[in-house]
Every structure is written in C-alpha cells, then in structure tokens.
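Below you'll find the structure, written out as structure tokens, and then a few comments.
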Number of protein chains: 2
Amino acid sequence: MSKIFASKNGTKKDVIIKKAASLFRKKGFIGTSMRELAENIGVEASSLYNHIGSKSEILQHICFKVANDFMLQLNETEKSETTTINKLEKLISFHIHMMMDVYDEVYVANHEWKQLEEPFLSNFSNQRKLYESRMIELIKKGIQKKEIKNIHPQVAVFTILSAVRGLELWQGHKKIVSIKEIETNMINHLLNGIAK
Amino acid sequence: MSKIFASKNGTKKDVIIKKAASLFRKKGFIGTSMRELAENIGVEASSLYNHIGSKSEILQHICFKVANDFMLQLNETEKSETTTINKLEKLISFHIHMMMDVYDEVYVANHEWKQLEEPFLSNFSNQRKLYESRMIELIKKGIQKKEIKNIHPQVAVFTILSAVRGLELWQGHKKIVSIKEIETNMINHLLNGIAK
DNA sequence: TGCAAAAACTAATAAGTGTTAGTTTTGTAA
DNA sequence: TTACAAAACTAACACTTATTAGTTTTTGCA
C-alpha cells in the first residue's frame, strides 16, 4: 500500500516526523498536541499510533537524527588532513548549511531536547558535551601549532557554537541576505578574531 | 501582613514572578502548570490569583522587564561619546552580565516570548527588531568612520547577539571559568574579527 | 475475486489544564 | 476586642491531554 506515496516522501512515519518537526518548532513540543499533529496530516490522532510508538518517540527521532549528522561531520573533519583553521571553517560551514537545509529539525533539537525522557535525555546531553570537548581539543591543537592565538579554547568554542546556532534568527531574512554572504561574513568574523 | 517578608524579597507578586522565571526556564512556559508553581511557593494554585491576573501576565512581566533593561542600556550607550568599538564592547559586556545576573529571566525572555499573547507578542517582537536595527546603525557608523572593516552590518550584529545569547550554555560552567575571563575572551573574539 | 494485513475510524479512559466562586483564615489597625 | 481587608483555602467548572481498545475500511497481492 501507498508505495508511490512512500517513494516520494519516505514512509508515513517519516511524514509524521517531518510535520511534527515543523509544529514542534513553531509551537514547542508540549505546545503541540497529537490531535493538532494528526489534523495537519489529515488523519485522526489515534491513527498516528499505527506508525509511531508515542509522542516522545517522535522527539527522539528528530533530536538523534540531528545529533548523528553533526557527529558524522565532526568525525570526517577530524580525520581530514588540513589546517585547524580550515577544519573550523568546514565545521562552521556545515552548521550554517544544516541550519538552512533542515531548519525545523535543528531548531527542535536545540530547543526541545530537554523534553526528552530518560535515558534519551542523558544520552543526548552527553553527545552535546562530547561534541563540545572535541571542538575544544581541535582548538587546543591549533594553538599548539601556532595557527591560533593563545585564547581560552572553551570560550572560543562556545562563542562559535552560539553564533552559528543563532542562525535560526535568520529565518525570514534569507531573501534579503544570501546564504553565501552570511557564510563568508560569519566565517571571517569568527575566525579572524582568533587566527594568528 | 508580611511586611518583613515584603521588605526582603519584594511583594508576593515579585516572589511569584521570580519563582515562575525559574520554572519557566527549566520546564518551559506551557510545561509549567499553575499548580506546580503554587506548590513551589507553598500555596494552592487558586491563591496565586490574589496577586496576579493570569499565567500569561507572569510571562509578560518577565519578558518586558528584560526588554526594558536592554533598551535602557542601549539608550545610554548610544548617547555616550566614545568610539564605536567601545560602544560595542559596552553592549557585549552588558549582555554578559545580564545573562549571569538574571539568568532565568533573560533565558525565558529569549526562549518563551513566542508564547506571549497579542498585543504583547507584537510589541515584544517589534522591540527586538528595533534593538537589532539600532545596533546595525551603530556598526554602519563605525564602518563610515573607518573604525570597522567593510563587513555586512546585519550579519555582524546577528553574530554578536547570537554569541552573547549563547552564554546561557555557560550555566554550570561558571565555577570553572570566571566571568571576567569569559568577558574579555568573548569581546576580543567578537571585536578583533571586525575591527580595523 | 478473495484474503490478510495495514491503517483508518469511533469512543472512551484517566489525568491534568487555567481559572472562578464562595468561604474561611489570618494579620493589622482602631 | 472588634472590624476590615488581604490572602489563604476547598470545590468545581469546562476543556484538553496522550493513549488504548475495539471495530471498520482500505490496500496490495495471490
């Protein structure tokens, strides 16, 4: 059944999660009811449970998909043989494109992950901390190699991550300023401030 | 009644709003029930309505108090006769201290303002936009005076605002890294990247 | 065409929501 | 001590919540 449907948009589960991401972003996880989600899909609330286990499971899917994407990119960047500044540039660029391409999902992962239930809450929180500490290590190496000024690595990482996270504020301004322009300006701003 | 109480912590309304800010930050505006808030204060939910008009009114108080504080500081900074870089430094410093001193309130204003009802929602949204555009003007003048590189002012403002907003991530790390250290590092990072 | 499975439906559950009405307790000042 | 007002209480309202059970419809394949 519905194979054509599936080949276009993925399984119905995928459709539900996609729509949920959009609603969770706009109204929050708690602020979005299963009835509202169902109505947006064109189905009764109870029918959703033929495809998903619970409301919380939807949030898990969204958050861990995003976390996984960022982790994979970090793995790849760490492996690549290039300068530290170049690695940071790659990471920042990836953040920017994720924020633009899968805005709803990234936003929800950033804002609603605290609504996850255990053990997912701890798991997600640990992944975030791990991501941060690996970026800190990256900067430390850059300082050792004298590519980067003698700054406080942790503060630098938080500043960079916060700045790119704030790209969510750009939603609605995308027509006025091109993504490319945002990208080059932000990378310059954030890396000129620390590069030697 | 309770005049001693009042002189210490302000009116009972103030106590309610303070506790609400703490809960709203941890569990979100919708995620916090009036019963839960009441229990945290040591009272029945209905008793809260002797001091506040509605749940929504609490959120209004929090959001507009914060917005007002930032606006006042911006007014003062604009008036002060100093370099543009110095003005930006002042503003960034103010953001950092607000985030550290009234963390709950600033966090709630940043994350939960979308739950405001009209006309407060529009009012708040307009204040944010006004704040941004006045910072953009500041940077434009800095470029004219050749104090600042020829960057995209809007991107720079968003980058700075996002970075300082991200200071909320520092909650819990405050003991490890001193505020002063965070402050000087962030200001250098954010201003070295754009100063000529 | 008939069968089995997938996915929709209706109806109900138990719990929780903000808020109000009406009443009782508490604290202050005369 | 009495009177008044502030602020607490109990109980209830009318809804909304996520989720389940049981049933019917729809679908794809043999």
Side-chain angles (χ1 to χ4, degrees), chain A residues 1-21 23-24 26-63 108 112 114-118 120-121, chain B residues 1-21 23-24 26-63 108 112 114-118 120-121:
Chain A
M1 178 213 177
S2 69
K3 281 208 175 164
I4 302 163
F5 184 61
S7 65
K8 270 189 200 167
N9 301 3
T11 66
K12 187 122 197 179
K13 184 171 183 174
D14 295 335
V15 175
I16 292 172
I17 292 172
K18 186 77 201 163
K19 193 79 207 177
L23 289 171
F24 289 176
K26 285 181 224 152
K27 324 192 72 180
F29 174 71
I30 303 179
T32 304
S33 74
M34 293 300 276
R35 285 169 177 79
E36 195 177 358
L37 172 57
E39 195 180 9
N40 267 272
I41 291 173
V43 101
E44 289 297 318
S46 56
S47 303
L48 297 174
Y49 290 85
N50 285 321
H51 306 94
I52 53 108
S54 67
K55 187 186 182 186
S56 202
E57 190 197 284
I58 301 176
L59 184 61
Q60 289 159 31
H61 263 92
I62 296 170
C63 290
V108 169
E112 304 291 335
K114 285 186 182 175
Q115 309 293 341
L116 286 168
E117 296 166 356
E118 292 293 356
F120 304 99
L121 181 61
Chain B
M1 176 213 178
S2 68
K3 279 208 176 163
I4 302 162
F5 184 62
S7 65
K8 269 190 199 163
N9 302 3
T11 66
K12 187 122 195 181
K13 184 170 182 174
D14 294 335
V15 175
I16 292 171
I17 292 172
K18 186 77 200 163
K19 193 79 206 176
L23 289 170
F24 289 176
K26 285 181 224 150
K27 323 191 72 180
F29 174 72
I30 303 179
T32 306
S33 75
M34 293 301 275
R35 284 169 178 81
E36 195 177 0
L37 172 58
E39 195 179 10
N40 266 272
I41 291 174
V43 101
E44 290 297 318
S46 57
S47 304
L48 298 174
Y49 290 85
N50 285 319
H51 305 94
I52 53 109
S54 66
K55 187 185 182 187
S56 202
E57 190 197 284
I58 301 177
L59 185 60
Q60 289 158 31
H61 264 92
I62 297 170
C63 291
V108 169
E112 303 292 334
K114 284 186 183 174
Q115 309 293 342
L116 287 169
E117 295 166 356
E118 292 294 356
F120 305 100
L121 181 61

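Chain letters run A, B, ... following the sequence lines, proteins first and then strands; every chain starts at 1. Since the structure is predicted, the reported quantities are computational estimates derived from the model, not experimental observations.
A/Lys26 is linked by a side-chain contact (heavy atoms from CB on, under 4.5 Å) to A/Ser22, counting only residues two or more places apart in sequence or in another chain. Under the salt bridge (charged side-chain N to carboxylate O under 4.0 Å, His left out) criterion, A/Lys13 pairs with A/Glu57, sequence neighbours left out. Every residue meeting the salt bridge (charged side-chain N to carboxylate O under 4.0 Å, His left out) condition with B/Lys18, not counting sequence neighbours, appears here in chain and number order: B/Glu105.
Put simply, CE on A/Met34 is 17 Å from P on C/dT10, counting in whole angstrom units. The interatomic distance linking A/Lys12 (NZ) with D/dG28 (P) rounds to 12 Å, in whole Å. Nucleotide D/dA18 holds its C1' atom 15 Å from the CG atom of A/Leu59, rounded to whole Å. Atom P of nucleotide C/dG18 and atom CD of B/Glu117 are separated by 12 Å, given to the nearest angstrom. Counting to the nearest Å, the P atom of C/dT17 and the CZ atom of B/Phe29 are 13 Å from each other. Atom-to-atom, CD of B/Glu39 to C1' of D/dA8 comes out at 16 Å; the value is rounded to the nearest Å. Across the protein-nucleic acid pair, A/Ile16 atom CD1 and C/dA6 atom C1' stand 13 Å apart, rounded to whole Å. Note: CD (A/Glu36) to C1' (D/dC15) measures 15 Å, nearest angstrom.
A donor-acceptor pair shorter than 3.5 Å cannot be found between the side chains of A/Ser47 and A/Asn50.
Counting any heavy atom pair closer than 4.0 Å across all strands shown, B/Thr32 reaches sugar-phosphate atoms only and no base atom.
Sorted by first then second residue, the ring-ring contact (aromatic ring centres under 6.0 Å, His included) pairs that include residues 30-63 of chain B, not counting sequence neighbours, number zero. Sorted by first and then second residue, the side-chain hydrogen bond (donor to acceptor under 3.5 Å, both in side chains) pairs with a member in residues 31-46 of chain A read A/Lys27-A/Glu36; sequence neighbours excluded.
Rounded to the nearest 0.5 Å, atoms NZ (B/Lys12) and CD1 (B/Ile17) are 13.5 Å apart.
Side-chain N/O atoms of B/Arg35 and base N/O atoms of C/dG16 include no donor-acceptor pair closer than 3.5 Å.
Non-hydrogen atoms lying under 4.0 Å from DNA chain D are contributed by A/Ser46, A/Tyr49, A/Ser54, all within residues 42-54 of chain A.
Within the structure, every side-chain polar atom (N or O) of A/Lys55 is placed at least 4.0 Å from both OP1 and OP2 of D/dT17.
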